[in-house]
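Let me begin by presenting the structure, written as structure tokens, before commenting on it.
These values consider heavy atoms only, across backbone and side chains, with no hydrogens, waters or symmetry-generated copies.
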Amino acid sequence: MAAVLTDLHREPEALALVRAVTGERAQDLGLDHPATLEATATLASLLSASGEQAEAERMYDDLLPRLVQRFGRDDGRTLDARVGLARVHHRFGRPDDAEPVLREVLAKRRLRLRLRLRLGDNYPDTLAVQTDPDSVTGPAPEKPARWRWRRRR
């Protein structure tokens with residue numbers, strides 16, 4: 001529903017909905033439940049896309065250790081959150097913090113895709129991250145693309 005609201009340019013409603021879902025999942029399932037972690041990652045990404053970088057950064061800083069503990073450092077969900085935090089750093093004008101993370105995630109995704117999934121360099125997740133290390137040396141984007149916070153299916 002939040003994705004539909006965002007597509008209809010109703011971002012404040014989408015953000016309120018994701019906040020509510022995240023809070024309910026945390027209360028009902030606990031902070032470390034996979035559904036809560038997924039909702040939290042979605043909320044952090046949506047906050048970043050909405051220009052609320054400080055809150056997004058705090059949320060990613062809290063989320064990343066829980067993702068690492070629950071799924072491991074090289075899990076796709078953890079890597080996605082690391083990319084989200086790197087994008088926040090870039091938007092804050094700290095490309096030196098963002099670039100090494102993006103390069104590391106790219107290397108891990110390439111290796112993971114080659115060894116485990118055997119999909120290679122042209123897989124969409126690899127291509128999406130591959131463009132980020134090159135873009136962090138330029139100026140931070142004024143308004144991030146709306147669609148980036150949504151999870152790929």
Exercise. Walk me through it: do Leu64 and Leu85 pass the test side chain to side chain contact (heavy atoms under 4.5 Å, CB included)?
Key: CA-CA 9 Å; Leu64 277 163; Leu85 181 58; 3.6 Å; yes
Practice problem: Specify the closest pair of heavy atoms between Pro100 and Pro95, including all atoms of both residues, with the distance to one decimal. | Solution: CD-O, 4.4 Å
Exercise. Answer with yes or no whether the hydrophobic clustering places Leu102 together with Val68; edges join I, L, V, M, F, W, Y residues whose side-chain heavy atoms lie under 4.5 Å apart.
Key: no
Quiz item: In the single-linkage hydrophobic clustering (I, L, V, M, F, W, Y; side-chain heavy atoms under 4.5 Å), do Leu46 and Leu5 co-cluster?
Solution: no
Exercise. Before accepting this row, confirm whether a basic side-chain N of the pair Arg19/Glu52 lies closer than 4.0 Å to the acidic partner's carboxylate O.
Key: yes
Quiz item: Between Glu99 and His90, is a side chain to side chain contact (heavy atoms under 4.5 Å, CB included) present by the stated rule, with each step listed?
Solution: CA-CA 8 Å; Glu99 186 175 359; His90 178 59; over 6 Å; no
Exercise. Spell out, as yes or no, whether a donor-acceptor pair under 3.5 Å connects the side chain of Thr6 to the backbone of Glu11.
Key: no
Quiz prompt | Within residues 56-69 or reaching into it, pairs that qualify as side-chain hydrogen bond (donor to acceptor under 3.5 Å, both in side chains) - sequence neighbours excluded | solution = Glu57-His89, Glu57-Arg94, Asp62-Arg66
Quiz item: Between Arg91 and Ser48, is any side-chain donor less than 3.5 angstrom from a side-chain acceptor?
Solution: yes
Quiz item: In Å and rounded to the nearest 0.5 Å, what is the CD to OG distance from Glu55 to Ser50?
Solution: 10.0 Å
Exercise. Look at the side-chain heavy atoms of Ile, Leu, Val, Met, Phe, Trp and Tyr, link any pair under 4.5 Å apart, and say whether Val21 and Met1 land in one connected group.
Key: yes
Quiz item: Can you name the residues that form a side chain to side chain contact (heavy atoms under 4.5 Å, CB included) with Leu29, not counting sequence neighbours?
Solution: Arg25, His33, Ala35, Thr36
Quiz item: How close do Asp32 and Arg70 get, heavy atom to heavy atom, and via which atoms?
Solution: O-NH1, 3.4 Å
Quiz item: Got a salt bridge between Arg109 and Glu104, using NZ or NE/NH1/NH2 to carboxylate O under 4.0 Å?
Solution: no
Practice problem: Could you state whether Val101 and Val83 fall into the same hydrophobic cluster, counting links through intermediate Ile, Leu, Val, Met, Phe, Trp or Tyr residues with side-chain heavy atoms under 4.5 angstrom apart? | Solution: yes
Self-check item: Candidate pair Leu37 and Phe71, rule side chain to side chain contact (heavy atoms under 4.5 Å, CB included), full reasoning
Solution: CA-CA 10 Å; Leu37 295 172; Phe71 301 113; 3.6 Å; yes
Self-check item: Non-hydrogen atoms of Ala44 and Ala56 that approach each other most closely
Solution: O-CB, 3.5 Å
Quiz item: Below 4.5 Å, heavy atoms only, C-beta onward: do Leu43 and Leu15 meet side chain to side chain?
Solution: yes
Quiz item: Which atom names give the shortest non-hydrogen contact between Ala26 and Leu31, and what distance separates them?
Solution: CB-CD2, 3.8 Å
Quiz prompt | Where Leu63 and Ala81 come nearest, the two heavy atoms and their spacing | solution = CD2-CB, 4.3 Å
Quiz item: Would you say the side-chain atoms of Thr78 pair up with the backbone N or O of Asp74, donor to acceptor, closer than 3.5 Å?
Solution: no
Exercise. Of all the heavy-atom pairs spanning Ala86 and Ala98, show the shortest one and how long it is.
Key: O-CB, 3.2 Å
